[in-house]
Structures are given as structure tokens and as C-alpha cells.
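Here's the structure we're looking at; comments come further down.
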Amino acid sequence: MTEIEAMMRELGCKDAYISSEHILSKIQKVEFETVELCGTKFMYCGILMDNGFTIVGTPSACMSPENWREEIGKKVSFDNSFEEIYKLEAYRTMGSGYVK
């Protein structure tokens with residue numbers, strides 16, 4: 001559950017929304033790829049959904065090569081891709097009136 005979902009529950013929001021659990025249940029595969037462009041490392045996260053669609057969000061990047069940590073890159077790039085799924089799911093379900 002995300003921080004926003006927890007706030008929604010605490011504040012009594014009961015209308016339709018997309019839960020992180022719903023999105024997680026539709027993920028089939030997650031892959032990470034690190035590339036270096038112009039001397040800067042970027043990590044991309046591809047999330048394959050159960051319908052065969054792949055989402056890639058904004059990559060993670062690090063200002064200083066000395067601070068590059070793969071674990072941080074994975075967290076940031078996954079969160080960025082995951083956020084893109086929220087937008088797509090909200091668009092898909094808008095007006096259907098159900099809570100996921």
C-alpha cells in the first residue's frame with residue numbers, strides 16, 4: 001500500500017481508485033537495464049504486464065558516479081515505471097465506478 005492509499009483510507013475516501021495491490025497483481029516480469037550516455041549512468045526499468053504490454057518510466061540517474069548504487073537505481077526506476085502504470089490504469093477504468 002502506498003502512502004497516498006493509506007491517507008485515503010485514513011480520511012475515509014471510499015470511491016473508486018486504483019490500488020497498488022491491483023497493479024502488482026498484473027505484473028508478469030520486471031527487468032532493469034543500465035546504460036551510460038555522455039558519461040552519466042541511467043537505469044531503466046521495464047515492467048511487463050499480464051496482457052503483454054511493457055511500461056518503461058523515466059530512468060534513474062546519479063549526479064556523481066561515486067554515489068551510484070544499483071539498489072537505489074532499481075528502486076527509483078521501478079517507482080517511476082510503476083507510477084506510469086497508475087496513469088494508464090486510471091484512464092482505462094475511469095468512469096467504471098469500481099475500486100481496484
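Numbers here are sequence positions counted from 1.
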Closest approach of [X] and [Y], non-hydrogen atoms and distance?
X: E36; Y: G39; result: OE2-CA, 3.7 Å
X: M49; Y: I85; result: SD-CD1, 3.7 Å
X: T40; Y: C62; result: CG2-O, 3.9 Å

pair [X]-[Y]: side-chain heavy atoms closer than 4.5 Å:
X: K14; Y: M8; result: no
X: M43; Y: P59; result: no
X: E89; Y: H22; result: yes

Pairing residues for K41 by the side-chain hydrogen bond (donor to acceptor under 3.5 Å, both in side chains) criterion, not counting sequence neighbours:
none
Return yes if some donor-acceptor pair links the side-chain N/O of Y86 with the main-chain N/O of I23 below 3.5 Å, else return no.
no
Under a 3.5 Å distance rule, please check whether S81 uses its side chain to pair with a backbone N or O of F78 as donor and acceptor.
no
Which donor-acceptor pairs under 3.5 Å do the side chains of residues 66-76 make with protein atoms, sequence neighbours left out?
residue, atom, partner, partner atom, Å
E66, OE1, S64, OG, 2.7
R69, NH1, E66, O, 2.9
K75, NZ, D79, OD1, 3.2
K75, NZ, D79, OD2, 2.6

Side-chain heavy atoms nearer than 4.5 Å, only ILVMFWY residues, links allowed to pass through others: does that put I55 and F82 together?
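Same cluster.
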Look at the side-chain heavy atoms of Ile, Leu, Val, Met, Phe, Trp and Tyr, link any pair under 4.5 Å apart, and say whether L24 and I47 land in one connected group.
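Same cluster: L24 reaches I47 through Ile, Leu, Val, Met, Phe, Trp or Tyr contacts under 4.5 Å.
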Straight-line distance of I18 CD1 to K26 NZ, nearest 0.5 Å
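So the CD1 of I18 and the NZ of K26 are separated by 9.5 Å.
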Would you give the length of the straight line joining atom CG of N80 to atom OG1 of T58, rounded to the nearest 0.5 angstrom?
5.5 Å
Strictly below 4.0 Å, N to O, side chains only: are E31 and K29 in salt-bridge contact?
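Yes, this pair counts.
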Tell me who clusters with V35, hydrophobic residues only, linked when side chains sit under 4.5 Å apart either directly or through other members.
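So far as hydrophobic clustering goes, V35 is joined with L37, F42, Y44, V56.
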